[in-house]
Amino acid sequence: MKSCYNLSLRLLFFLAVILISNRVLAVELFKNGSTTYTIVVAPDASATEKNAAKELSEYLNKVSGAAFPVVFNLNHNTGNHIFVGYNDRIAAYVHSHKPADDDESFTYLTVGDDIVIFGGRSRGTQYGVFSFLEQQIGVHWYAHDYTHIPTLKTLSLPKLNHHESPAFINREPYYYAFRKNADYAAHNLQNCSEAFLKDRKYGSPKQYWGNHTMAVLLPAKQWFSSHPEYFAMRSGKRVDNGQLCLSNKNVVKLLTEAMLKKIKESPDYWCYDLSQLDNRLFCECRNCQSIEKRYGGHSGLILWAVNQVADAVNKVYPDKYIGTFAYSYSQQPPKGIRPSDNVIIRLCDVSCCFVHPLSECSKNADFMKYIREWSAIAKRLYIWDYIVGFTNYLAPFPNFDVLAQNLRTFRQYNAIGVFEEGQYQSYYSQFSELRQWVIAKLLWNPDQDVNALVRQFIYDYYGSAATEILQYYNLTQQLVKPETHLTIFFKTDNPIFTNSYIQKSMGILDKAMRKVSGDNVLSERVDRVRAQILYLQYRTQKIKSVSSGAFNDLLKTLHRDKTHVHEKQSYKQFLETEGFM
(Lines give C-alpha, C1' and ligand atoms only; values in the text may rest on other atoms or scores of the structure.)
Protein backbone atom coordinates (compact mmCIF):
# COMPACT_ATOMS: atom_id res chain seq x y z
CA MET A 1 0.00 0.00 0.00
CA LYS A 2 2.82 2.39 0.96
CA SER A 3 4.74 1.61 -2.24
CA CYS A 4 1.66 2.46 -4.32
CA TYR A 5 1.30 5.74 -2.41
CA ASN A 6 4.96 6.62 -3.05
CA LEU A 7 4.57 5.70 -6.72
CA SER A 8 1.56 8.02 -7.02
CA LEU A 9 3.52 10.86 -5.41
CA ARG A 10 6.42 10.34 -7.81
CA LEU A 11 4.01 10.33 -10.75
CA LEU A 12 2.37 13.56 -9.58
CA PHE A 13 5.78 15.15 -9.09
CA PHE A 14 6.85 14.05 -12.59
CA LEU A 15 3.70 15.53 -14.16
CA ALA A 16 4.20 18.76 -12.22
CA VAL A 17 7.77 19.03 -13.51
CA ILE A 18 6.51 18.57 -17.09
CA LEU A 19 3.84 21.25 -16.64
CA ILE A 20 6.28 23.70 -15.04
CA SER A 21 8.90 22.99 -17.73
CA ASN A 22 6.37 23.60 -20.49
CA ARG A 23 5.33 26.86 -18.85
CA VAL A 24 8.95 27.97 -18.56
CA LEU A 25 9.63 27.01 -22.15
CA ALA A 26 6.54 28.81 -23.45
CA VAL A 27 7.22 31.95 -25.47
CA GLU A 28 4.86 34.85 -24.80
CA LEU A 29 4.59 36.39 -28.25
CA PHE A 30 2.25 39.21 -27.28
CA LYS A 31 -0.08 40.30 -24.50
CA ASN A 32 -2.73 43.04 -24.32
CA GLY A 33 -1.56 44.86 -27.42
CA SER A 34 2.16 44.87 -26.69
CA THR A 35 5.16 42.69 -27.51
CA THR A 36 8.85 42.47 -26.74
CA TYR A 37 9.61 41.04 -30.20
CA THR A 38 11.41 42.60 -33.14
CA ILE A 39 11.54 40.93 -36.56
CA VAL A 40 15.14 40.73 -37.74
CA VAL A 41 16.18 40.30 -41.38
CA ALA A 42 19.65 40.34 -42.90
CA PRO A 43 20.40 43.41 -45.05
CA ASP A 44 21.22 41.11 -47.98
CA ALA A 45 18.08 38.96 -47.61
CA SER A 46 16.18 38.13 -50.78
CA ALA A 47 13.20 40.20 -51.90
CA THR A 48 10.80 37.42 -50.96
CA GLU A 49 12.33 37.13 -47.48
CA LYS A 50 12.02 40.88 -46.91
CA ASN A 51 8.42 40.79 -48.11
CA ALA A 52 7.70 37.79 -45.87
CA ALA A 53 9.08 39.70 -42.86
CA LYS A 54 6.91 42.69 -43.75
CA GLU A 55 3.81 40.50 -44.00
CA LEU A 56 4.67 38.73 -40.75
CA SER A 57 4.74 42.12 -39.02
CA GLU A 58 1.44 43.18 -40.60
CA TYR A 59 -0.47 40.00 -39.80
CA LEU A 60 0.82 39.80 -36.23
CA ASN A 61 -0.30 43.39 -35.76
CA LYS A 62 -3.78 42.59 -37.11
CA VAL A 63 -4.07 39.60 -34.77
CA SER A 64 -2.69 41.22 -31.62
CA GLY A 65 -2.82 44.99 -32.01
CA ALA A 66 0.88 45.04 -31.12
CA ALA A 67 3.57 46.61 -33.29
CA PHE A 68 6.23 44.16 -34.49
CA PRO A 69 8.99 46.34 -35.99
CA VAL A 70 11.18 44.99 -38.80
CA VAL A 71 14.91 45.78 -38.66
CA PHE A 72 17.68 44.92 -41.10
CA ASN A 73 20.42 44.58 -38.49
CA LEU A 74 21.67 41.19 -37.35
CA ASN A 75 23.35 42.82 -34.36
CA HIS A 76 20.07 44.00 -32.90
CA ASN A 77 20.05 42.93 -29.24
CA THR A 78 17.11 44.69 -27.61
CA GLY A 79 14.25 42.50 -26.42
CA ASN A 80 13.35 39.25 -28.17
CA HIS A 81 13.61 38.41 -31.84
CA ILE A 82 11.93 36.67 -34.74
CA PHE A 83 14.70 35.95 -37.26
CA VAL A 84 13.48 35.62 -40.86
CA GLY A 85 15.75 33.98 -43.43
CA TYR A 86 18.97 32.04 -43.06
CA ASN A 87 21.82 34.32 -41.97
CA ASP A 88 24.95 34.34 -39.80
CA ARG A 89 22.94 34.81 -36.62
CA ILE A 90 20.70 31.85 -37.43
CA ALA A 91 23.70 29.72 -38.44
CA ALA A 92 25.08 30.13 -34.93
CA TYR A 93 21.73 29.13 -33.49
CA VAL A 94 20.84 26.06 -35.55
CA HIS A 95 24.23 24.66 -36.63
CA SER A 96 22.88 23.57 -40.01
CA HIS A 97 24.01 24.22 -43.55
CA LYS A 98 22.51 27.04 -45.54
CA PRO A 99 19.61 25.74 -47.67
CA ALA A 100 19.92 25.94 -51.45
CA ASP A 101 18.29 29.06 -52.83
CA ASP A 102 15.54 27.07 -54.57
CA ASP A 103 14.92 24.72 -51.62
CA GLU A 104 11.24 25.20 -50.74
CA SER A 105 11.50 23.31 -47.46
CA PHE A 106 11.36 25.39 -44.30
CA THR A 107 12.07 25.24 -40.58
CA TYR A 108 10.73 27.27 -37.71
CA LEU A 109 11.85 26.78 -34.13
CA THR A 110 12.38 28.50 -30.82
CA VAL A 111 15.88 29.10 -29.48
CA GLY A 112 15.48 30.33 -25.93
CA ASP A 113 12.90 33.12 -26.26
CA ASP A 114 13.80 33.84 -29.88
CA ILE A 115 11.95 32.44 -32.91
CA VAL A 116 13.81 31.39 -36.05
CA ILE A 117 12.16 30.92 -39.48
CA PHE A 118 14.22 29.98 -42.50
CA GLY A 119 14.36 28.04 -45.76
CA GLY A 120 15.63 28.62 -49.30
CA ARG A 121 15.98 32.27 -50.29
CA SER A 122 13.60 32.07 -53.23
CA ARG A 123 10.49 30.64 -51.57
CA GLY A 124 11.41 28.43 -48.63
CA THR A 125 11.65 31.19 -46.04
CA GLN A 126 8.40 32.81 -47.12
CA TYR A 127 6.63 29.45 -46.94
CA GLY A 128 8.00 29.10 -43.42
CA VAL A 129 6.58 32.49 -42.46
CA PHE A 130 3.18 31.79 -44.01
CA SER A 131 3.02 28.35 -42.37
CA PHE A 132 4.03 29.80 -39.00
CA LEU A 133 1.19 32.32 -39.30
CA GLU A 134 -1.23 29.60 -40.27
CA GLN A 135 -0.23 26.81 -37.90
CA GLN A 136 0.72 28.83 -34.81
CA ILE A 137 -1.30 32.03 -35.12
CA GLY A 138 -4.43 30.81 -36.93
CA VAL A 139 -4.32 32.94 -40.09
CA HIS A 140 -5.82 31.05 -43.05
CA TRP A 141 -5.99 32.20 -46.69
CA TYR A 142 -9.21 30.39 -47.56
CA ALA A 143 -10.24 32.17 -50.75
CA HIS A 144 -9.01 34.87 -53.10
CA ASP A 145 -11.33 37.31 -51.33
CA TYR A 146 -11.28 35.97 -47.76
CA THR A 147 -8.46 35.59 -45.25
CA HIS A 148 -9.41 34.37 -41.79
CA ILE A 149 -7.53 36.51 -39.24
CA PRO A 150 -8.25 35.82 -35.56
CA THR A 151 -8.21 38.58 -32.93
CA LEU A 152 -6.29 37.57 -29.81
CA LYS A 153 -5.41 39.38 -26.59
CA THR A 154 -2.54 37.11 -25.64
CA LEU A 155 -0.61 34.26 -27.20
CA SER A 156 2.07 32.01 -25.75
CA LEU A 157 3.77 29.46 -27.96
CA PRO A 158 5.23 26.14 -26.81
CA LYS A 159 8.78 25.15 -27.62
CA LEU A 160 8.86 24.78 -31.41
CA ASN A 161 11.02 22.67 -33.71
CA HIS A 162 9.09 22.21 -36.95
CA HIS A 163 10.31 21.29 -40.43
CA GLU A 164 8.39 20.63 -43.66
CA SER A 165 9.23 19.74 -47.26
CA PRO A 166 6.80 19.68 -50.19
CA ALA A 167 5.62 16.36 -51.59
CA PHE A 168 5.97 17.69 -55.16
CA ILE A 169 8.51 20.08 -56.65
CA ASN A 170 5.88 21.72 -58.86
CA ARG A 171 2.36 22.35 -57.56
CA GLU A 172 -0.42 23.94 -59.61
CA PRO A 173 -4.10 23.84 -58.72
CA TYR A 174 -5.49 25.17 -61.99
CA TYR A 175 -8.43 27.14 -60.67
CA TYR A 176 -9.27 30.66 -61.78
CA ALA A 177 -8.50 32.00 -58.29
CA PHE A 178 -5.00 30.52 -58.35
CA ARG A 179 -4.41 31.58 -61.95
CA LYS A 180 -5.21 35.22 -61.27
CA ASN A 181 -4.05 35.87 -57.70
CA ALA A 182 -0.36 35.52 -56.89
CA ASP A 183 -0.93 36.29 -53.20
CA TYR A 184 -3.56 33.57 -52.85
CA ALA A 185 -1.32 31.03 -54.59
CA ALA A 186 1.81 31.93 -52.63
CA HIS A 187 0.16 31.96 -49.21
CA ASN A 188 -1.16 28.47 -49.92
CA LEU A 189 2.38 27.31 -50.82
CA GLN A 190 1.79 26.90 -54.56
CA ASN A 191 4.66 27.76 -56.89
CA CYS A 192 3.07 27.47 -60.34
CA SER A 193 0.67 30.24 -61.32
CA GLU A 194 0.57 32.47 -64.35
CA ALA A 195 0.00 35.32 -61.88
CA PHE A 196 3.66 35.03 -60.84
CA LEU A 197 4.65 36.15 -64.34
CA LYS A 198 3.28 39.60 -63.51
CA ASP A 199 3.59 39.76 -59.73
CA ARG A 200 7.19 38.91 -58.72
CA LYS A 201 6.69 39.78 -55.04
CA TYR A 202 6.42 36.10 -54.10
CA GLY A 203 9.30 34.81 -56.19
CA SER A 204 10.38 34.41 -59.77
CA PRO A 205 7.99 32.54 -62.09
CA LYS A 206 8.12 28.76 -62.06
CA GLN A 207 5.67 28.21 -64.84
CA TYR A 208 5.16 25.49 -67.45
CA TRP A 209 4.52 26.99 -70.87
CA GLY A 210 1.69 25.76 -73.03
CA ASN A 211 -0.17 22.60 -73.96
CA HIS A 212 -1.07 21.03 -77.32
CA THR A 213 1.57 23.34 -78.83
CA MET A 214 2.69 21.58 -82.00
CA ALA A 215 0.00 23.54 -83.85
CA VAL A 216 1.27 26.75 -82.25
CA LEU A 217 4.91 26.12 -83.19
CA LEU A 218 4.13 24.86 -86.69
CA PRO A 219 0.70 26.29 -87.60
CA ALA A 220 -1.26 24.84 -90.51
CA LYS A 221 -2.47 28.32 -91.44
CA GLN A 222 1.11 29.29 -92.24
CA TRP A 223 2.49 26.06 -93.69
CA PHE A 224 -0.23 23.76 -95.03
CA SER A 225 -0.77 25.37 -98.43
CA SER A 226 2.94 25.29 -99.30
CA HIS A 227 3.93 22.11 -97.45
CA PRO A 228 0.99 19.75 -96.92
CA GLU A 229 3.54 16.96 -96.38
CA TYR A 230 4.26 18.45 -92.93
CA PHE A 231 0.81 17.44 -91.75
CA ALA A 232 -1.02 14.20 -90.99
CA MET A 233 -2.10 11.85 -93.70
CA ARG A 234 -5.57 10.46 -93.11
CA SER A 235 -7.08 7.86 -95.46
CA GLY A 236 -4.43 8.72 -98.04
CA LYS A 237 -4.94 12.48 -97.89
CA ARG A 238 -3.07 15.22 -96.03
CA VAL A 239 -5.31 17.18 -93.65
CA ASP A 240 -4.83 20.59 -92.03
CA ASN A 241 -6.73 19.85 -88.80
CA GLY A 242 -4.82 16.80 -87.59
CA GLN A 243 -1.44 16.09 -86.01
CA LEU A 244 1.92 16.75 -87.59
CA CYS A 245 3.80 14.26 -89.75
CA LEU A 246 6.58 13.80 -87.21
CA SER A 247 8.63 11.44 -89.36
CA ASN A 248 9.33 14.32 -91.75
CA LYS A 249 12.82 15.62 -90.93
CA ASN A 250 11.85 19.17 -91.88
CA VAL A 251 9.02 19.09 -89.32
CA VAL A 252 11.48 18.25 -86.55
CA LYS A 253 13.85 20.96 -87.84
CA LEU A 254 11.10 23.60 -87.86
CA LEU A 255 9.85 22.58 -84.41
CA THR A 256 13.38 22.91 -83.07
CA GLU A 257 13.82 26.37 -84.55
CA ALA A 258 10.43 27.49 -83.27
CA MET A 259 11.14 26.15 -79.79
CA LEU A 260 14.53 27.86 -79.55
CA LYS A 261 12.88 31.11 -80.64
CA LYS A 262 10.12 30.70 -78.04
CA ILE A 263 12.63 30.16 -75.22
CA LYS A 264 14.67 33.18 -76.31
CA GLU A 265 11.62 35.43 -76.48
CA SER A 266 9.97 34.08 -73.30
CA PRO A 267 12.76 33.00 -70.96
CA ASP A 268 10.75 33.05 -67.72
CA TYR A 269 9.40 29.49 -68.00
CA TRP A 270 11.20 26.44 -66.64
CA CYS A 271 9.56 23.97 -69.05
CA TYR A 272 8.25 24.41 -72.59
CA ASP A 273 5.53 22.20 -74.00
CA LEU A 274 5.94 20.32 -77.27
CA SER A 275 2.90 18.10 -77.53
CA GLN A 276 0.19 16.71 -79.76
CA LEU A 277 -3.03 18.49 -80.62
CA ASP A 278 -6.19 17.65 -78.71
CA ASN A 279 -7.53 15.22 -81.30
CA ARG A 280 -6.91 11.66 -82.50
CA LEU A 281 -6.06 12.53 -86.12
CA PHE A 282 -2.56 11.07 -85.99
CA CYS A 283 -0.54 10.61 -89.15
CA GLU A 284 -1.02 7.33 -91.03
CA CYS A 285 1.81 7.74 -93.55
CA ARG A 286 4.20 4.83 -94.10
CA ASN A 287 7.19 6.53 -92.45
CA CYS A 288 5.29 7.47 -89.28
CA GLN A 289 3.87 3.95 -89.02
CA SER A 290 7.35 2.51 -89.44
CA ILE A 291 8.73 4.53 -86.51
CA GLU A 292 5.69 3.66 -84.40
CA LYS A 293 6.25 -0.02 -85.14
CA ARG A 294 9.90 0.32 -84.11
CA TYR A 295 9.10 2.06 -80.80
CA GLY A 296 5.88 0.44 -79.73
CA GLY A 297 3.14 2.81 -80.82
CA HIS A 298 2.07 6.43 -81.07
CA SER A 299 3.97 7.57 -77.99
CA GLY A 300 7.15 6.13 -79.50
CA LEU A 301 6.89 8.34 -82.58
CA ILE A 302 6.11 11.43 -80.51
CA LEU A 303 8.98 10.79 -78.10
CA TRP A 304 11.37 10.09 -81.00
CA ALA A 305 10.63 13.59 -82.36
CA VAL A 306 10.47 15.35 -78.98
CA ASN A 307 13.84 13.90 -77.90
CA GLN A 308 15.50 15.39 -80.97
CA VAL A 309 14.13 18.85 -80.20
CA ALA A 310 15.01 18.50 -76.50
CA ASP A 311 18.58 17.44 -77.29
CA ALA A 312 19.02 20.52 -79.48
CA VAL A 313 17.55 22.78 -76.79
CA ASN A 314 19.85 21.29 -74.16
CA LYS A 315 22.92 22.46 -76.10
CA VAL A 316 21.73 26.08 -75.98
CA TYR A 317 19.65 26.16 -72.79
CA PRO A 318 20.89 23.43 -70.44
CA ASP A 319 18.68 24.72 -67.61
CA LYS A 320 15.41 24.38 -69.59
CA TYR A 321 13.10 21.39 -70.01
CA ILE A 322 10.86 20.23 -72.82
CA GLY A 323 7.52 18.72 -71.86
CA THR A 324 5.20 16.48 -73.82
CA PHE A 325 1.90 14.74 -73.18
CA ALA A 326 1.15 11.11 -72.54
CA TYR A 327 -2.48 11.70 -73.36
CA SER A 328 -5.35 10.06 -75.20
CA TYR A 329 -3.80 7.90 -77.94
CA SER A 330 -0.26 8.47 -76.59
CA GLN A 331 -0.85 7.37 -72.97
CA GLN A 332 0.66 3.93 -73.45
CA PRO A 333 4.45 4.10 -72.94
CA PRO A 334 6.78 3.26 -75.83
CA LYS A 335 9.29 0.42 -76.08
CA GLY A 336 12.96 0.68 -76.97
CA ILE A 337 13.18 4.43 -76.37
CA ARG A 338 13.37 6.59 -73.25
CA PRO A 339 12.74 10.30 -72.72
CA SER A 340 15.90 12.41 -72.79
CA ASP A 341 16.99 13.68 -69.37
CA ASN A 342 15.55 17.15 -70.06
CA VAL A 343 12.18 15.82 -71.22
CA ILE A 344 9.15 16.00 -68.92
CA ILE A 345 6.45 13.39 -69.49
CA ARG A 346 3.07 14.88 -68.57
CA LEU A 347 0.81 11.87 -68.02
CA CYS A 348 -2.94 12.55 -68.05
CA ASP A 349 -5.61 10.47 -66.31
CA VAL A 350 -8.42 11.88 -68.46
CA SER A 351 -10.45 8.69 -68.96
CA CYS A 352 -10.53 7.50 -65.35
CA CYS A 353 -13.23 7.14 -62.74
CA PHE A 354 -12.77 10.03 -60.33
CA VAL A 355 -14.98 9.05 -57.41
CA HIS A 356 -12.91 5.97 -56.53
CA PRO A 357 -9.15 6.04 -55.92
CA LEU A 358 -7.12 5.55 -59.07
CA SER A 359 -5.25 2.66 -57.49
CA GLU A 360 -8.39 0.76 -56.42
CA CYS A 361 -10.98 1.07 -59.18
CA SER A 362 -11.14 -1.47 -62.02
CA LYS A 363 -12.01 1.37 -64.41
CA ASN A 364 -8.54 2.80 -63.77
CA ALA A 365 -6.47 -0.32 -64.40
CA ASP A 366 -5.05 1.00 -67.68
CA PHE A 367 -3.93 4.27 -66.12
CA MET A 368 -2.22 2.46 -63.26
CA LYS A 369 -0.36 0.31 -65.79
CA TYR A 370 0.71 3.43 -67.67
CA ILE A 371 1.95 5.29 -64.59
CA ARG A 372 4.02 2.28 -63.51
CA GLU A 373 5.61 1.92 -66.94
CA TRP A 374 6.23 5.65 -67.51
CA SER A 375 7.73 5.95 -64.03
CA ALA A 376 10.18 3.19 -64.92
CA ILE A 377 11.55 4.94 -68.03
CA ALA A 378 11.03 8.67 -67.44
CA LYS A 379 13.51 10.58 -65.31
CA ARG A 380 10.90 13.28 -64.76
CA LEU A 381 7.21 12.40 -64.60
CA TYR A 382 4.54 15.08 -64.28
CA ILE A 383 0.84 14.35 -63.71
CA TRP A 384 -2.08 16.18 -65.27
CA ASP A 385 -4.99 15.34 -62.99
CA TYR A 386 -8.66 16.35 -63.22
CA ILE A 387 -10.75 17.26 -60.18
CA VAL A 388 -14.04 18.71 -61.47
CA GLY A 389 -16.81 17.70 -63.83
CA PHE A 390 -16.13 19.65 -67.03
CA THR A 391 -19.56 19.04 -68.55
CA ASN A 392 -21.31 20.33 -65.42
CA TYR A 393 -19.26 22.81 -63.40
CA LEU A 394 -22.18 23.53 -61.08
CA ALA A 395 -23.53 20.05 -60.41
CA PRO A 396 -22.47 18.07 -57.31
CA PHE A 397 -19.28 16.09 -57.93
CA PRO A 398 -18.54 13.83 -54.92
CA ASN A 399 -14.81 13.24 -55.35
CA PHE A 400 -13.30 14.69 -52.16
CA ASP A 401 -12.62 11.26 -50.70
CA VAL A 402 -10.14 10.37 -53.48
CA LEU A 403 -8.10 13.58 -53.62
CA ALA A 404 -5.45 12.71 -51.03
CA GLN A 405 -5.10 9.06 -52.01
CA ASN A 406 -4.63 9.90 -55.68
CA LEU A 407 -1.89 12.39 -54.80
CA ARG A 408 -0.19 9.77 -52.66
CA THR A 409 -0.28 7.47 -55.70
CA PHE A 410 1.42 10.14 -57.83
CA ARG A 411 4.06 10.60 -55.14
CA GLN A 412 4.58 6.82 -54.97
CA TYR A 413 5.53 6.83 -58.65
CA ASN A 414 7.97 9.73 -58.21
CA ALA A 415 6.00 12.48 -59.92
CA ILE A 416 7.91 15.76 -59.67
CA GLY A 417 4.78 17.84 -60.14
CA VAL A 418 1.01 17.77 -60.40
CA PHE A 419 -1.26 19.98 -62.45
CA GLU A 420 -4.74 19.82 -60.91
CA GLU A 421 -7.20 21.00 -63.55
CA GLY A 422 -10.23 22.56 -61.90
CA GLN A 423 -12.69 25.28 -62.91
CA TYR A 424 -10.16 27.54 -64.56
CA GLN A 425 -12.43 29.93 -66.48
CA SER A 426 -14.22 31.92 -63.79
CA TYR A 427 -14.65 32.31 -60.06
CA TYR A 428 -17.10 30.06 -58.26
CA SER A 429 -18.49 26.69 -59.22
CA GLN A 430 -19.39 23.51 -57.36
CA PHE A 431 -17.62 23.93 -53.97
CA SER A 432 -14.77 25.65 -55.82
CA GLU A 433 -13.54 27.63 -52.80
CA LEU A 434 -13.46 24.50 -50.64
CA ARG A 435 -11.99 22.16 -53.24
CA GLN A 436 -9.24 24.49 -54.44
CA TRP A 437 -8.09 25.19 -50.86
CA VAL A 438 -8.13 21.51 -49.90
CA ILE A 439 -6.22 20.46 -53.04
CA ALA A 440 -3.60 23.16 -52.39
CA LYS A 441 -3.03 21.78 -48.90
CA LEU A 442 -2.77 18.23 -50.25
CA LEU A 443 -0.34 19.18 -53.03
CA TRP A 444 2.05 20.27 -50.30
CA ASN A 445 1.30 17.31 -48.02
CA PRO A 446 -1.05 14.55 -49.23
CA ASP A 447 -0.86 12.76 -45.88
CA GLN A 448 -3.26 15.24 -44.32
CA ASP A 449 -6.76 14.26 -43.20
CA VAL A 450 -9.20 15.50 -45.85
CA ASN A 451 -12.19 15.35 -43.52
CA ALA A 452 -10.37 17.51 -40.98
CA LEU A 453 -9.46 20.05 -43.67
CA VAL A 454 -13.04 20.12 -44.96
CA ARG A 455 -14.50 20.64 -41.49
CA GLN A 456 -12.03 23.42 -40.73
CA PHE A 457 -12.81 25.26 -43.93
CA ILE A 458 -16.58 24.90 -43.65
CA TYR A 459 -16.75 26.10 -40.05
CA ASP A 460 -14.52 29.11 -40.71
CA TYR A 461 -15.96 30.03 -44.12
CA TYR A 462 -19.70 29.43 -43.72
CA GLY A 463 -20.07 30.66 -40.16
CA SER A 464 -23.56 30.17 -38.68
CA ALA A 465 -24.58 27.96 -41.63
CA ALA A 466 -21.61 25.59 -41.21
CA THR A 467 -23.60 22.75 -39.66
CA GLU A 468 -25.98 22.62 -42.62
CA ILE A 469 -23.23 23.02 -45.22
CA LEU A 470 -21.33 20.12 -43.66
CA GLN A 471 -24.53 18.06 -43.58
CA TYR A 472 -25.08 18.71 -47.29
CA TYR A 473 -21.42 17.97 -48.05
CA ASN A 474 -21.64 14.60 -46.26
CA LEU A 475 -24.92 13.74 -47.97
CA THR A 476 -23.30 14.37 -51.35
CA GLN A 477 -20.17 12.35 -50.61
CA GLN A 478 -22.41 9.44 -49.54
CA LEU A 479 -23.78 9.22 -53.09
CA VAL A 480 -20.69 7.22 -54.04
CA LYS A 481 -21.15 3.46 -53.81
CA PRO A 482 -18.85 0.64 -55.01
CA GLU A 483 -20.82 0.47 -58.25
CA THR A 484 -20.75 4.26 -58.80
CA HIS A 485 -18.39 5.45 -61.53
CA LEU A 486 -18.16 9.08 -62.59
CA THR A 487 -15.79 10.50 -65.18
CA ILE A 488 -15.12 14.19 -65.66
CA PHE A 489 -17.77 14.12 -68.39
CA PHE A 490 -20.59 12.82 -66.19
CA LYS A 491 -24.22 13.67 -66.95
CA THR A 492 -26.79 15.04 -64.54
CA ASP A 493 -29.21 12.21 -65.39
CA ASN A 494 -26.89 9.81 -63.58
CA PRO A 495 -29.03 7.59 -61.30
CA ILE A 496 -27.13 8.67 -58.18
CA PHE A 497 -28.90 12.05 -58.36
CA THR A 498 -32.28 10.87 -57.10
CA ASN A 499 -35.33 13.02 -56.40
CA SER A 500 -34.89 12.15 -52.74
CA TYR A 501 -31.31 13.47 -52.75
CA ILE A 502 -32.40 16.71 -54.44
CA GLN A 503 -35.25 17.28 -51.99
CA LYS A 504 -33.13 16.53 -48.91
CA SER A 505 -30.38 18.80 -50.17
CA MET A 506 -32.80 21.61 -50.95
CA GLY A 507 -34.26 21.41 -47.45
CA ILE A 508 -30.84 21.50 -45.81
CA LEU A 509 -29.63 24.44 -47.90
CA ASP A 510 -32.86 26.41 -47.51
CA LYS A 511 -32.36 26.10 -43.75
CA ALA A 512 -28.76 27.30 -44.18
CA MET A 513 -30.02 30.33 -46.12
CA ARG A 514 -32.43 31.22 -43.33
CA LYS A 515 -29.62 31.03 -40.77
CA VAL A 516 -27.50 33.61 -42.61
CA SER A 517 -30.35 35.95 -43.49
CA GLY A 518 -29.20 39.52 -43.03
CA ASP A 519 -25.51 38.72 -43.51
CA ASN A 520 -24.76 39.59 -47.12
CA VAL A 521 -21.34 37.90 -47.23
CA LEU A 522 -22.47 34.60 -45.72
CA SER A 523 -25.71 34.68 -47.73
CA GLU A 524 -23.75 34.84 -50.98
CA ARG A 525 -21.46 31.99 -49.90
CA VAL A 526 -24.38 29.74 -48.97
CA ASP A 527 -26.25 30.79 -52.11
CA ARG A 528 -23.36 29.50 -54.21
CA VAL A 529 -23.65 26.09 -52.54
CA ARG A 530 -27.41 26.12 -53.04
CA ALA A 531 -26.82 26.82 -56.76
CA GLN A 532 -25.47 23.26 -57.08
CA ILE A 533 -28.90 21.82 -56.30
CA LEU A 534 -30.78 24.52 -58.20
CA TYR A 535 -28.75 23.62 -61.29
CA LEU A 536 -29.19 19.88 -60.77
CA GLN A 537 -32.95 20.29 -60.31
CA TYR A 538 -33.19 22.37 -63.48
CA ARG A 539 -31.34 19.73 -65.48
CA THR A 540 -33.44 16.85 -64.14
CA GLN A 541 -36.82 18.45 -63.29
CA LYS A 542 -37.18 21.47 -65.59
CA ILE A 543 -40.91 22.03 -65.24
CA LYS A 544 -40.81 21.90 -61.45
CA SER A 545 -37.69 24.07 -61.37
CA VAL A 546 -39.24 26.82 -63.48
CA SER A 547 -42.71 26.76 -61.88
CA SER A 548 -41.35 26.86 -58.32
CA GLY A 549 -39.09 29.84 -58.99
CA ALA A 550 -35.96 27.79 -58.28
CA PHE A 551 -34.70 28.31 -61.82
CA ASN A 552 -35.04 32.07 -61.49
CA ASP A 553 -32.96 31.90 -58.29
CA LEU A 554 -30.27 30.03 -60.25
CA LEU A 555 -30.27 32.67 -62.98
CA LYS A 556 -29.82 35.45 -60.43
CA THR A 557 -26.82 33.64 -58.93
CA LEU A 558 -25.23 33.07 -62.34
CA HIS A 559 -25.80 36.66 -63.35
CA ARG A 560 -24.20 37.92 -60.13
CA ASP A 561 -21.18 35.61 -60.13
CA LYS A 562 -20.66 35.33 -63.91
CA THR A 563 -19.81 31.65 -63.49
CA HIS A 564 -19.14 29.30 -66.38
CA VAL A 565 -21.78 26.56 -66.49
CA HIS A 566 -19.47 24.07 -68.15
CA GLU A 567 -16.19 24.16 -70.01
CA LYS A 568 -17.80 25.09 -73.32
CA GLN A 569 -20.52 27.41 -72.00
CA SER A 570 -20.16 30.75 -70.21
CA TYR A 571 -22.89 32.15 -68.01
CA LYS A 572 -23.81 34.58 -70.81
CA GLN A 573 -24.29 31.74 -73.28
CA PHE A 574 -26.42 29.88 -70.75
CA LEU A 575 -28.58 32.95 -70.13
CA GLU A 576 -28.98 33.56 -73.86
CA THR A 577 -30.05 30.00 -74.63
CA GLU A 578 -31.99 28.99 -71.54
CA GLY A 579 -32.43 31.96 -69.23
CA PHE A 580 -34.39 35.10 -68.81
CA MET A 581 -33.69 38.15 -66.67
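We use all heavy atoms of the structure for the numbers below, so side chains are in, but hydrogens, waters and symmetry mates are not.
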Under a 3.5 Å distance rule, please check whether [X] uses its side chain to pair with a backbone N or O of [Y] as donor and acceptor.
{"X": "N392", "Y": "F490", "result": "yes"}
{"X": "H559", "Y": "L555", "result": "no"}
{"X": "Q423", "Y": "Q425", "result": "yes"}
{"X": "K572", "Y": "Q569", "result": "no"}

From F196 CZ over to Q207 CD, what is the distance, rounded to the nearest 0.5 angstrom?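 If I round to the nearest 0.5 Å, the distance is 8.5 Å.
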Starting at CZ of R171, measure out to CD of E104 and round the result to the nearest 0.5 Å.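 So the CZ of R171 and the CD of E104 are separated by 4.5 Å.
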Sequence neighbours left out, what passes ring-ring contact (aromatic ring centres under 6.0 Å, His included) with W374? Give chain and number order.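 So W374 forms no ring-ring contact (aromatic ring centres under 6.0 Å, His included) with any residue.
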Test ring-ring contact (aromatic ring centres under 6.0 Å, His included) applied to Y327 - qualifying residues, sequence neighbours left out: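 For Y327 the ring-ring contact (aromatic ring centres under 6.0 Å, His included) partners, ignoring immediate neighbours, are H212, F325.
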Counting C-beta onward and ignoring hydrogens, is there a side-chain heavy-atom pair between F354 and F397 closer than 4.5 Å?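 Yes. Closest side-chain heavy atoms under 4.5 Å.
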So, is the end of the K504 side chain (NZ or CZ) under 6.0 Å from the ring centre of Y501 and within 45° of the ring's axis?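 No - K504 does not lie over the ring of Y501 by the 6.0 Å and 45° rule.
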Of all pairs that satisfy salt bridge (Lys or Arg N to Asp or Glu O under 4.0 Å), the ones with a partner from [range], not counting sequence neighbours:
{"range": "residues 369-397", "answer": "D341-K379, K369-E373"}
{"range": "residues 184-194", "answer": "R179-E194, K180-E194"}
{"range": "residues 526-540", "answer": "D510-R530, E524-R528, D527-R560, R528-D561, R530-D553, R539-E578"}

Near-ring test [Y]/[X], centroid separation under 6.0 angstrom:
{"X": "H187", "Y": "Y202", "result": "yes"}
{"X": "W444", "Y": "Y127", "result": "yes"}
{"X": "F282", "Y": "Y329", "result": "yes"}

Sidechain N-carboxylate O distance under 4.0 Å for D449, R455: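 Salt bridge absent between D449 and R455.
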Plane angle bin for Y428 and H144 - parallel if under 30°, tilted between 30 and 60°, otherwise perpendicular: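 Tilted: the ring planes of H144 and Y428 meet at 30° to 60°.
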With P173, which of Q436, K441, Q190 fulfils side-chain contact (heavy atoms from CB on, under 4.5 Å)?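 Single side-chain contact (heavy atoms from CB on, under 4.5 Å) partner of P173 among Q436, K441, Q190: Q190.
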Taking side chain to side chain donor-acceptor pair (under 3.5 Å) as the cut-off, I'd like each qualifying pair that reaches into residues 486-499, sequence neighbours left out, listed once.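 Output for this query lists N499-Q541.
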